[in-house]
Amino acid sequence: DDDVDDDGSSSKLPVDIAANEIVETSSFRELLEVVTECSSGLAASAASAIPMDTDNENDNALASKKAKIPEEPDAPAAAPAAPTSFSLFDLLDSQKGGGFSLPPRIMAYQIIEAYEREKKNNDAAGNSTNSDDTKGAQSALELLEKAEDMEDLSPDPDSWEEIRKILYEGLSLNPTTDNYNVSSQSRYLKVHKSFHERCRGDNMFSSQLWGLAQNLVGSILVLSRRYGEHDNNIPRDSMDLFWDIAQTLLDHLSHLAMDHVMSCVGNEREVERMLLGTCMILSNDFSACTMGMMEPLAGHFEVWARLVSPKTLMTILDLSGLGGAALRRCEMLGENASSECIFNIISASGAVGYDSHTSLADVEHCNYLQSLSILRTILFQCGGTREVISMVYDQFTREPREPEVLYNSFLLP
């Protein structure tokens, strides 16, 4: 029977009994335990966080109290901290041209102006180079050494021609009579080498490559004529420079011949001119003997002789007189004044390319072997005709001379 309240309504006892049964189930008790554990964990976390905040507040209060303590009257006031800027322009300015700055570009007109200024001062009374106009200014050689971009040195053909002339004159000046010495000439040679490496592999700088090689040919011609007049009085460092120039020319000839063979077209006029310069070098006893010690078989001459037609080669040989000069050296078995002079110079201690086992007979043998190789190439490339043999014999019987017109064509006025 249901219980009846005072107001006549009856209570629902079955519902209360069902609720009690749910509370007593194991699932409900497990849920209750989980809730209880979570509540305890939250209470513990809150309790542990309160002391940390309290400690931070106490530390801040203590720091503020210490900051309010007045300083000694004699102590200087602390300078305010500089504002921190994260601007990119401020960072660039703070470097003051450090890692973010680019090297200045060296232009052709700067080198030309510097060279003209130096030449003007050298021609002035007393050859004083310490005038106010040149004080603090960089020389043309220093600018050339700092130049990085070949396009800046050759904005037009006329500008590059001026640069090429400056390079040639710096490489070919007489160290005993001019303002430059062997050290500066060696620096000009290094500039030639660096420019050659930068121009290689780029067809846009083909004219620059041939111009640099022409400078080396012209310098060897003028130095060989100059050294031939001094006999054994050539300074050893000057001979070292001549040796380096000749070796550099051989490297340039190898690269130019390879590039021409790979391209198979163009530069025919430059090839003929370079072969003519090579023949003129080999016609001179001093320069031929020097290069004979580097390549006794005259391999570079043989390669370049193959790059022109037999008719063109005949014309070049007739103009340079190489056949007669080679035949005369063969007749003397390589013995001449230049061989003895070069041996006396290179036998000095520390000379470039000197071997303690090298004798005068070795130098003469290289000279003879080179001349014999030159004659072999001439006869083979020209077909061994009666015409070429007659030309060589006529050159042999004539008095040796250098054609001034051709000689001057490789030099500057």
Side-chain angles (χ1 to χ4, degrees), residues 108 144 147-157 159-161 163-164 167-168 171 188-221 243-282 287-288 291-292 294-317 319-320 322 370 373-374 376-383 406 409-410:
L144 286 169
E148 296 290 342
D149 194 347
M150 292 301 299
E151 292 186 17
D152 294 338
L153 300 182
S154 50
D156 54 78
S159 297
W160 167 248
E161 184 64 17
I163 296 297
R164 188 193 68 82
L167 290 170
Y168 170 78
L171 189 63
Y188 272 105
L189 179 60
K190 291 181 179 179
V191 173
H192 274 83
K193 293 179 181 180
S194 64
F195 285 0
H196 177 81
E197 291 299 326
R198 295 173 191 174
C199 293
R200 282 203 66 203
D202 194 337
N203 294 330
M204 184 174 63
F205 300 123
S206 176
S207 61
Q208 285 81 347
L209 278 174
W210 291 101
L212 293 171
Q214 178 183 340
N215 280 1
L216 298 176
V217 172
S219 63
I220 291 177
L221 289 176
W243 186 283
D244 292 338
I245 296 175
Q247 184 61 56
T248 303
L249 175 62
L250 293 180
D251 295 338
H252 283 31
L253 291 177
S254 299
H255 297 155
L256 290 173
M258 184 181 301
D259 295 341
H260 179 72
V261 171
M262 295 298 293
S263 63
C264 299
V265 65
N267 300 320
E268 286 79 8
R269 183 177 179 182
E270 287 78 5
V271 170
E272 295 174 2
R273 179 176 174 81
M274 195 57 55
L275 179 58
L276 176 60
T278 303
C279 291
M280 294 178 64
I281 291 175
L282 296 176
S287 56
M291 300 188 74
M294 300 178 185
E295 50 159 16
L297 298 180
H300 286 82
F301 170 71
E302 181 179 1
V303 170
W304 281 80
R306 295 173 181 268
L307 301 180
V308 298
S309 64
K311 183 178 179 180
T312 303
L313 180 59
M314 283 281 295
T315 303
I316 293 175
L317 293 173
L319 293 173
S320 62
L322 176 59
Q370 181 206 52
S373 301
I374 291 174
R376 177 205 61 190
T377 300
I378 292 175
L379 294 176
F380 181 79
Q381 294 298 326
C382 296
L406 295 178
S409 67
F410 285 91

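Since this is a predicted model, take the numbers as computed values, not measurements. Along the sequence shown, residues are numbered consecutively beginning with 1.
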Report yes if some heavy atom in the side chain of L216 is under 4.5 Å from a heavy atom in the side chain of L171; otherwise report no.
-> yes
Are any non-hydrogen side-chain atoms of L275 and T312 less than 4.5 angstrom apart?
-> no
Where the side chain of Q370 meets the backbone of A288, is there a donor-acceptor pair that is under 3.5 Å apart?
-> yes
Stepwise, does the side-chain contact (heavy atoms from CB on, under 4.5 Å) test hold for L189 with S219?
-> CA-CA 10 Å; L189 179 60; S219 63; over 6 Å; no
Under 4.5 Å between any side-chain heavy atoms of E272 and L276, yes or no?
-> no
Would you call W304 and L313 a side-chain contact if the rule is heavy atoms closer than 4.5 Å?
-> no
Salt bridge (charged side-chain N to carboxylate O under 4.0 Å, His left out) contacts touching residues 304-316 (sequence neighbours left out) | E302-R306
Min side-chain heavy-atom separation L256-H260 under 4.5 Å = no
With sequence neighbours excluded, residues passing salt bridge (Lys or Arg N to Asp or Glu O under 4.0 Å) with D149 = none
What's the spacing between M291 CE and L282 CG if we round to 0.5 Å?
-> 6.0 Å
Mind checking the OG1-CG spacing from T278 to L322? Nearest 0.5 Å is all I need.
-> 10.0 Å
Does P155 have any side chain to side chain contact (heavy atoms under 4.5 Å, CB included) partners at least two apart in sequence or in another chain, and if so, which?
-> A108, S159
Residues at least two apart in sequence or cross-chain that pass ring pair (Phe, Tyr, Trp, His ring centres under 6.0 Å) with H252, listed by chain then number, are H196
V303 side chain reached by L253 side chain, heavy atoms, under 4.5 Å | no
Do other residues, nucleotides or ligands put more than 12 heavy atoms under 6.0 Å from the NZ atom of K193?
-> yes
Side chain to side chain contact (heavy atoms under 4.5 Å, CB included) with Q208: which residues, sequence neighbours excluded?
-> M150, S154, W160, C199, F205
Compare all side-chain heavy atoms of V217 with those of Y168 and state whether any distance is below 4.5 angstrom.
-> no
Side-chain ion pair, E161 and R164, N-O less than 4.0 Å | yes
Counterpart residues, side-chain hydrogen bond (donor to acceptor under 3.5 Å, both in side chains), relative to T248 (two or more places apart) | none
